[in-house]
Amino acid sequence: MKANAMSIEQALIAEVRALTPQQQQEVLNFAAFLRHQHSPVVANPPVPGLHKHIPYWMAEDFDAPLPDSFWLGENETTA
């Protein structure tokens, strides 16, 4: 498997060397894009009790349907 990967790397280097500097920059940008696109996303794990000192409350009508004026933007003010 290592020999096959090296042959791909060598072929890629040979192809890039044959390009103009502008084309080489495009290849470099695309390689960076691919590396970023396929990099794993590491999420921060939740920390139990992190904000336990902050008081909170939930309104009695929390799960009540919102009025049409909310969806139609009738209560919005323009600056």
Look at the side-chain heavy atoms of Ile, Leu, Val, Met, Phe, Trp and Tyr, link any pair under 4.5 Å apart, and say whether L19 and L28 land in one connected group. no
Report, as yes or no, whether the 6.0 Å neighbourhood of atom CG on N29 holds more than 12 heavy atoms from other residues, nucleotides or ligands. yes
Tell me, yes or no, whether the heavy-atom count around E60 atom CD, taken from other residues, nucleotides or ligands under 6.0 Å, exceeds 12. no
Min side-chain heavy-atom separation Q23-V27 under 4.5 Å: no
